[in-house]
Novice: 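Following this message is one structure expressed as structure tokens.
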Protein chains: 2
Amino acid sequence: MTEPTTVSERTHGASGARIAAELRDAILAGRYSPGSRIRQEDLAEAYGASRLPVRDALRMLEAEGLVTLVANTGAWVAKLNPAECEELYQVRERLEPFLLSLNVPLLQEEQIDELGLLASAMEHTDDVERFLQLDREFHLASYAVAETTMLQEMTVRLWNRTQPYRRVYTRMFRAEGDHSVHYEHHLIVAALHRRDAEGAERVLAGHIRRTRLELARHPEVFDLV
Amino acid sequence: MTEPTTVSERTHGASGARIAAELRDAILAGRYSPGSRIRQEDLAEAYGASRLPVRDALRMLEAEGLVTLVANTGAWVAKLNPAECEELYQVRERLEPFLLSLNVPLLQEEQIDELGLLASAMEHTDDVERFLQLDREFHLASYAVAETTMLQEMTVRLWNRTQPYRRVYTRMFRAEGDHSVHYEHHLIVAALHRRDAEGAERVLAGHIRRTRLELARHPEVFDLV
DNA sequence: AAGAGTTGTATTGGATGCAATCAAGCATTA
DNA sequence: TAATGCTTGATTGCATCCAATACAACTCTT
């Protein structure tokens with residue numbers, strides 16, 4: 001009658017998923033940087049499992065674009081060159097405004113207010129990690145209401161894959177006193193309040209485009225991952 | 001000194017990838033239909049391997065959206081409901097025109113001519129499978145010149161995930177004498193010859209949109225996969 | 001007779017061990 | 001001295017075995 005020893009630790013088939021989740025968090029948090037080697041056995045030991053669920057996890061993350069696998073050779077944290085990163089931003093530039101527009105009629109007033117609070121909170125923080133987290137929260141929350149599983153999943157993956165470069169860029173150029181990010185966020189909130197889907201779409205497209213161009217102007221970011 | 005027995009059959013770490021490729025082909029060819037169960041051991045026996053590389057293959061295909069895995073329960077060929085399928089078409093509607101526009105200045109005249117030949121060949125075939133194959137070839141060839149790895153890979157995945165429904169739709173409504181598909185294809189070829197990126201983009205967006213609406217008008221397609 | 005609990009079987013998940021492969025360092029030779 | 005071939009250690013890939021889970025059929029109770 002297989003009673004679980006403790007309250008948790010009982011889902012048999014979730015070992016790979018659990019490892020994938022932890023490794024994903026570690027990569028997104030910057031504890032592994034792009035290009036660094038991942039050894040199966042290290043992970044297995046670190047997470048208290050055998051190499052088998054580790055390989056499952058690596059496969060999942062490979063599919064999400066966070067890990068690169070080479071047969072018989074090993075796994076690395078995925079690394080983008082400037083061109084690939086620009087591509088992903090261009091994809092975001094087309095998908096996210098559309099996704100936002102689907103959310104415009106569905107967001108509750110209170111939810112829009114909360115977005116405004118997030119935008120304000122970002123303005124008044126000096127901590128890079130908190131800035132990144134709030135930014136992610138702001139955008140993903142503005143996408144979360146519509147029931148569009150596919151689009152939301154694709155969007156999250158795009159954010160995840162570009163996260164390391166956003167982090168380095170923010171670290172390097174955050175203090176230069178450009179308030180465009182915040183202005184754009186507040187413009188989006190205002191458009192949402194007006195229920196102005198097209199307006200929100202355009203500001204967001206410009207927002208992502210501006211970020212893409214900034215990043216393209218500083219290719220040195222990709223040497224310092 | 002591990003000499004390969006024959007000229008092929010030597011890449012050690014490709015067993016999972018090989019199985020994934022064959023299973024992917026089988027799904028795209030319609031030999032497995034959406035919702036049908038996939039038993040690990042069956043596949044292992046069919047492809048002459050153990051269950052381990054099969055599990056690798058299933059993970060890969062899950063990531064591509066072709067297979068659905070449930071822990072401790074099993075694997076099924078992925079099945080879309082009408083809303084999900086419509087979402088994927090809307091994503092295509094935004095990505096593919098952009099991808100095509102990147103290819104406009106790069107396609108050689110001869111390559112555009114070949115696209116024209118493909119469009120004509122489609123007009124004169126009665127075979128559904130050949131129609132589907134030529135259609136896929138036409139579009140993917142028009143995207144293949146630009147060096148945009150990410151976008152191309154995403155596009156192929158979107159095509160793959162919607163393939164079964166395109167097949168059923170074509171089988172059911174192909175003979176109704178609507179020539180829009182072919183007109184649009186030829187319009188695209190003409191725009192490419194003129195090097196008219198925006199024109200090509202617009203026709204393609206309309207092409208995908210029209211297909212999406214047709215599919216939405218016939219939800220019974222999703223009962224007959 | 002209907003429902004809940006129980007048992008049995010089929011199938012998946014995970015651990016271990018061995019084989020195949022790769023990469024780096026050493027020896028050898030031109 | 002530099003380049004090439006070989007050998008060895010480290011690491012991944014795969015097969016087999018065992019454990020855990022889910023589902024269905026059955027039994028027992030009310």
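So you know, we letter chains A, B, ... as the sequences are listed, proteins then strands, and number each from 1.
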Novice: Using the C1' atoms of the five pairs at each end, what is the angle between the end axes of the helix from C/dA1-D/dT30 to C/dA30-D/dT1, to 10°?
Specialist: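 Inter-axis angle at the termini of the helix from C/dA1-D/dT30 to C/dA30-D/dT1: 10°.
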Novice: In whole angstrom, what separates A/Trp76's CH2 from C/dA23's C1'?
Specialist: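 The distance from CH2 of A/Trp76 to C1' of C/dA23 comes to 11 Å, rounded to the nearest Å.
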Novice: Name the residue closer to the 5' end of DNA chain C, choosing between A/Leu52 and A/Thr73 according to the nucleotide with the nearest heavy atom.
Specialist: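 Its nucleotide being nearer the 5' end, the pick is A/Leu52.
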Novice: Restricting to salt bridge (charged side-chain N to carboxylate O under 4.0 Å, His left out), what partner residues turn up for A/Asp113, sequence neighbours left out?
Specialist: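 Here no residue qualifies.
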Novice: Tell me, please, which residues at least two apart from A/Glu96 pass side-chain hydrogen bond (donor to acceptor under 3.5 Å, both in side chains).
Specialist: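 Result, side-chain hydrogen bond (donor to acceptor under 3.5 Å, both in side chains) vs A/Glu96: A/Arg92, A/Tyr143, A/Trp159.
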Novice: Tell me every residue that passes salt bridge (charged side-chain N to carboxylate O under 4.0 Å, His left out) with B/Arg24, counting only those two or more places apart in sequence or in another chain.
Specialist: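 Here the qualifying residues are B/Glu64.
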Novice: Ignoring hydrogens and angles, are the base of C/dG14 and the side chain of A/Arg51 linked by a donor-acceptor pair under 3.5 Å?
Specialist: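 Not at all, since no donor on one side and acceptor on the other fall under 3.5 Å apart.
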Novice: If only side-chain N and O atoms of A/Ser15 are considered, is one of them under 4.0 Å from the OP1 or OP2 phosphate oxygen of C/dG14?
Specialist: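 It does, given that an N or O in the side chain of A/Ser15 lies less than 4.0 Å from OP1 or OP2 of C/dG14.
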Novice: Return no unless some side-chain N or O of A/Arg37 is found under 4.0 Å from OP1 or OP2 of C/dA23.
Specialist: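 No, outside the criterion.
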Novice: Side-chain N or O of B/Arg55 versus OP1/OP2 of C/dG14: is the shortest distance under 4.0 Å?
Specialist: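 Indeed, a polar side-chain atom of B/Arg55 lies that close.
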Novice: Quick one: salt bridge (charged side-chain N to carboxylate O under 4.0 Å, His left out) partners of B/Arg167, sequence neighbours excluded?
Specialist: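 Salt bridge (charged side-chain N to carboxylate O under 4.0 Å, His left out) list for B/Arg167, sorted by chain: B/Glu129.
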Novice: Do any pairs count as a side chain to side chain donor-acceptor pair (under 3.5 Å) and have a residue in residues 213-225 of chain B, sequence neighbours left out, and if so which ones?
Specialist: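 Output for this query lists B/Tyr169-B/Glu214, B/His218-B/Glu220.
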Novice: Do A/Met154 and A/Leu95 come close enough that some side-chain heavy atom pair is under 4.5 Å?
Specialist: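 Yes, their side chains come closer than 4.5 Å.
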Novice: Just by distance, with hydrogens left out, do A/Gln163 and A/Arg166 show a side-chain donor and acceptor under 3.5 Å apart?
Specialist: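 The answer is yes; a qualifying pair exists.
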Novice: Rounding to an integer number of Å, can you tell me how far A/Asn72 CG sits from C/dT21 C1'?
Specialist: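 Whole-Å distance recorded here is 5 Å.
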Novice: Rounded to the nearest angstrom, tell me the gap between atom CG in A/Asp56 and atom P in D/dG13.
Specialist: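 About 12 Å, once rounded to whole Å.
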Novice: Starting at CZ of A/Arg59 and ending at C1' of C/dG13, how long is that distance when rounded to a whole Å?
Specialist: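 Between C1' of C/dG13 and CZ of A/Arg59: 17 Å.
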Novice: Got a sec, which pairs hit ring pair (Phe, Tyr, Trp, His ring centres under 6.0 Å) with one end in residues 74-103 of chain A, sequence neighbours left out?
Specialist: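 Of all non-adjacent pairs touching residues 74-103 of chain A, none passes ring pair (Phe, Tyr, Trp, His ring centres under 6.0 Å).
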Novice: Mind checking salt bridge (charged side-chain N to carboxylate O under 4.0 Å, His left out) for A/Glu45 and listing every partner two or more places apart, or none if nothing turns up?
Specialist: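 In terms of salt bridge (charged side-chain N to carboxylate O under 4.0 Å, His left out), with neighbours along the sequence ignored, A/Glu45 is linked to no residue.
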Novice: Residues from residues 38-50 of chain B sitting under 4.0 Å of DNA chain C, heavy atoms only?
Specialist: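 Here the set is B/Ile38, B/Arg39, B/Gln40.
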